[in-house]
Amino acid sequence: MSRKRSKKAVSSSRPGRWWRLIWQTSLKLALALVLGLGIYLIYLDSKVTSTFSGQKWQIPAQIYGRSLTLYPGRYLTQANLVRELEQLQYRRVERVNGPGQFSVKGGSVSIYRRGFTYIDGEQPAEQFSVEFNRSGISRIVQARDTVSFARLEPQLIEHLVSPDQEDRELVRLERVPELLKETLLLVEDRDFYQHRGVSPLSIVRAFFVNLSAGRTVQGGSTLTQQLAKNMYLTQDRHLWRKINEAFIALVLEYRFSKDQILEAYLNEIYLGQNHNTAIHGFGLGSRFYFGKPLAELNPEQYALLIGIVKGPGFYDPRRFPERAQQRRDLVLRLMFEQHLLDKASYERALASPIRVIERGQYLNANFPAYMDAVRRELRQLSLDSRLLNSGIKVFTYLDPLAQTQAERTVGQLVTDMNKELEAAMVVVDYQQAAVQALVGGKTAGYAGFNRALDARRPIGSLIKPPIYLEALAQRGRYTLGTLLDDNPISLRNNNQDWQPQNFDKKFRGPVPLVRALADSLNVPTVRLGLQLGMPKVQESLRRLGLERRVNLFPSALLGAVDLSPYEVTQLYQTIANNGLHQPLATVQALTDQQGTVLYQRQSPLTQRYPAEDVYLLQYAMIESTLTGTAQSLARTWPRPTFAGKTGTSSDYRDSWFAGFDQETLVTVWLGRDDNKTTGLTGGTGALRLFTDFFRQKGSQNLIRYMPEQVEWQRFSTKSGLPVPEYCPNSWLLPAHKNTVLGLADCD
């Protein structure tokens, strides 16, 4: 009996032990789970906090063109100012009442300029009027007062985005329009300022809405969860990702304020695709779809942007405009129902069609050749790669109007001449050595071989001005009236006999130096170069700005030296700028996102040749455009407007022209990539492009004041010597003072 009772007691005690064992094991597992979860949350907190507190994103450098300065006396047509405003995406209205607008009335343009942060600090939005006369800008009026200066904000040209990088443009929360913020929260997360990162109520509400609809029509994720998913997680759909999303949202809400989270969301959200580059954030989204900053959008445009958030591919307004409009109209209805829009505004917005700019136009331009030069210059600055990905602003000298016109000129004329031809053009403000435009080939927008920078071709007669300048610098030995021998000459060059010829195969006997250059005579130039000596010619190229050494043989005196159009432009910059040399540049300055200057160009000006020597050379180059090889310019501009020089390489393989007016230097090259003959001289080829460019852009008469060390002197046409005023067979030319010891007798 006792044994049976004992067995019963033992059997009844076993379930208790099992329950205790299960309970103890469960407790240990729970503790381990809590411990693991705690460790994981600590890890998440560290990861999320460090990322969110630091530089959250790699932000591409923003490349800007020049800021158009306006002042009385500046040569600028009203049409070009309007074109500039249109490129800046300003809206033409009857009466301006806000930033980004302009109106035209008679000879006056009223502008409400946008605020912007420039090299010298933040510039507030302001309104002013620009008045024009035949000479350009006559007056600038602001608040009924005449002012001496105004300027427009620079154009955003490009973002330096690597192939695998996201593109965004940061906006600060305080600069985001209230209507956009309120509508975003209305559509995406009405309880944003009440929940703590995860909203069970939203999840339950979305569950029943989706259940009744039979499909997913509403999400339960909070705005914070969406931010967590976009910033820290993949797009995979599984339970663990949703759990992670909730954990990260909780960490974000615990560590950071609601405004910080909202600002991050506004800059992180994905809004579309520009080819291989993802468009992130409302700041860039506004430019990508409308070409304008957020502050200038209207309600229907805000509604479209917010509608796109739900599915940038599905609601792409360029591919699916009807679908995008339905989504936009739904957002507008919500705005109206929640009293964010009055009835009149709602009906007006609802009636507006979907209008977006073409893909890629949000950066205003596509100038790959110029951007190639900018990238090279940035590499020379040896910038930290992290700096380039921190949203810095790169201010360049690019003039969008000049660049567009240069591309149009090259694209149209070169194709008309010969489909096999290629071309390059460099446009420079020579007083600043600032590259305003650069064309690397006849196909605009094509990022191929950049002939302006990399095509080294024989420069032909463009070598002559450096030779003649070196001669004129030797005072007492050469003047513009000095006679040079134009008779046959035979030389030994590269173990071969070389007998240089003039273009027309004729010889003229004694020729004044000024005519030898203006008419681009070869034989007198060869004789002059040999008299100077090849080292002097090499020194002239170096002084004018050629940074690399080239080997010169006698044939180089007629241009058998290979230079790129960019290198040629550097030489002629010094000539155009009265002997003052400054290295050419595309980059003016760099600033960080706050506007602090990180780099500003400060290349010194150096006087490579005295101004009086260069003045004499320019006189001969002006004569070339009036009566010499470039005299076709005088048929379009009768008054002295340009100084320049044609160039043709042997067998007509290369056609060149380099010339300048009062402000702008332009170098043009024409040739074939296979180096075959073009059949064009500098005057029949490159000069046509030069002429077309200035005809479209407008030009300023070249004015050169005679230096104090120069005076008018009469020279004999027979002896080339200075003679008295009364002598016949003589002509008046500028010459150095005090270099002529005595006057020769009349011939």
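In this structure, the side chains of Pro488 and Val523 stay at 4.5 Å or more apart for every pair of heavy atoms. Counting heavy atoms from C-beta outward, Pro734 and Met706 have side chains that approach closer than 4.5 Å. Residues Lys645 and Thr629 form a side-chain contact, since some pair of their non-hydrogen atoms from C-beta on lies under 4.5 Å apart. Between Arg635 and Ser632 there is a side-chain heavy-atom pair separated by less than 4.5 Å. Proximity of Met534 to Gln538: side-chain heavy atoms (C-beta onward) are nowhere separated by under 4.5 Å.
Heavy-atom neighbours of Phe507 CZ from other residues, nucleotides or ligands within 6.0 Å: above the threshold of 12. Counting heavy-atom neighbours within 6.0 Å of Phe149 CZ, excluding the residue itself, gives a total above 12. Within 6.0 Å of CG on Asn551 lie no more than 12 heavy atoms contributed by other residues, nucleotides or ligands. Crowding of Phe132 atom CZ: a count of heavy atoms from other residues, nucleotides or ligands under 6.0 Å exceeding 12.
Between Pro510 and Leu483, the shortest heavy-atom contact is CB-CD1, 3.9 Å. For Thr667 against Pro565, the heavy-atom pair with the smallest separation is CG2-O, 4.0 Å. Heavy atoms only, all atoms of each residue included: Leu546 and Leu571 are closest at N-CD2, 3.6 Å. Minimum interatomic distance between Ile575 and Pro465 (heavy atoms only, all atoms of both residues): CD1-CB, 4.1 Å.
Electrostatic pairing of Glu547 and Arg542 does not count as a salt bridge here, judged by no charged N lying under 4.0 Å from a carboxylate O. Taking 4.0 Å as the cut-off between side-chain N and carboxylate O, Glu84 and Arg66 count as a salt-bridged pair. Salt-bridge check for Arg508 with Asp486: passed, with a basic side-chain N closer than 4.0 Å to an acidic carboxylate O. The residues Glu539 and Lys536 are annotated as not salt-bridged, no charged nitrogen and carboxylate oxygen being separated by less than 4.0 angstrom. At a threshold of 4.0 Å, the pair Lys737-Glu711 does not count as salt-bridged, since none of the basic side-chain nitrogens sits closer than that to a carboxylate oxygen. Using a 4.0 Å cut-off between charged side-chain N and carboxylate O, Asp654 and Arg672 make no salt bridge. Between Asp692 and Arg408, no side-chain nitrogen of the basic residue sits less than 4.0 Å from a carboxylate oxygen of the acidic one, so the salt-bridge criterion is not met. Salt-bridge check for Asp673 with Arg451: passed, with a basic side-chain N closer than 4.0 Å to an acidic carboxylate O. Salt-bridge annotation for Asp372 and Arg376: present, with a side-chain N of the basic residue lying under 4.0 Å from a carboxylate O of the acidic one.
Within the structure, no pair that satisfies the ring pair (Phe, Tyr, Trp, His ring centres under 6.0 Å) test touches residues 547-586, not counting sequence neighbours.
For Glu663, the salt bridge (charged side-chain N to carboxylate O under 4.0 Å, His left out) test picks out no residue, with sequence neighbours left out. With sequence neighbours left out, Asn578 forms a side chain to side chain donor-acceptor pair (under 3.5 Å) with Gln618, Arg704. Residues passing the side chain to side chain donor-acceptor pair (under 3.5 Å) test with Ser603 are Gln582, Arg601, sequence neighbours excluded. Residues that satisfy the side chain to side chain donor-acceptor pair (under 3.5 Å) test with Asn675, not counting sequence neighbours, are Arg457. Partners of Gln474 according to the side chain to side chain donor-acceptor pair (under 3.5 Å) rule, which considers only residues two or more places apart in sequence or in another chain, are Arg477.
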Next item on the list: Give the C-alpha distance, both sets of side-chain angles, the deciding distance and a yes or no for side chain to side chain contact (heavy atoms under 4.5 Å, CB included) between Gln431 and Gln573.
Entry: CA-CA 8 Å; Gln431 295 177 42; Gln573 179 273 328; over 6 Å; no

Next item on the list: Show the numbers, then the answer: is there a side chain to side chain contact (heavy atoms under 4.5 Å, CB included) between Thr646 and Phe503?
Entry: CA-CA 12 Å; Thr646 55; Phe503 176 77; over 6 Å; no

Checklist line | Residues Leu563, Arg548; criterion side chain to side chain contact (heavy atoms under 4.5 Å, CB included); working and verdict | finding: CA-CA 10 Å; Leu563 300 182; Arg548 60 187 178 90; 3.7 Å; yes

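The ring of Phe715 has its center no closer than 6.0 angstrom to the ring center of Trp731. Aromatic pair Tyr615/Tyr619: centroids not less than 6.0 angstrom apart.
Only one option out of Leu513, Thr482, Thr479, Ile467 pairs with Leu472 in a side-chain contact (heavy atoms from CB on, under 4.5 Å); it is Leu513. With Phe660 as reference, Tyr430 is the one residue of Tyr430, Phe694, Phe642, Phe690 to meet the ring-ring contact (aromatic ring centres under 6.0 Å, His included) rule.
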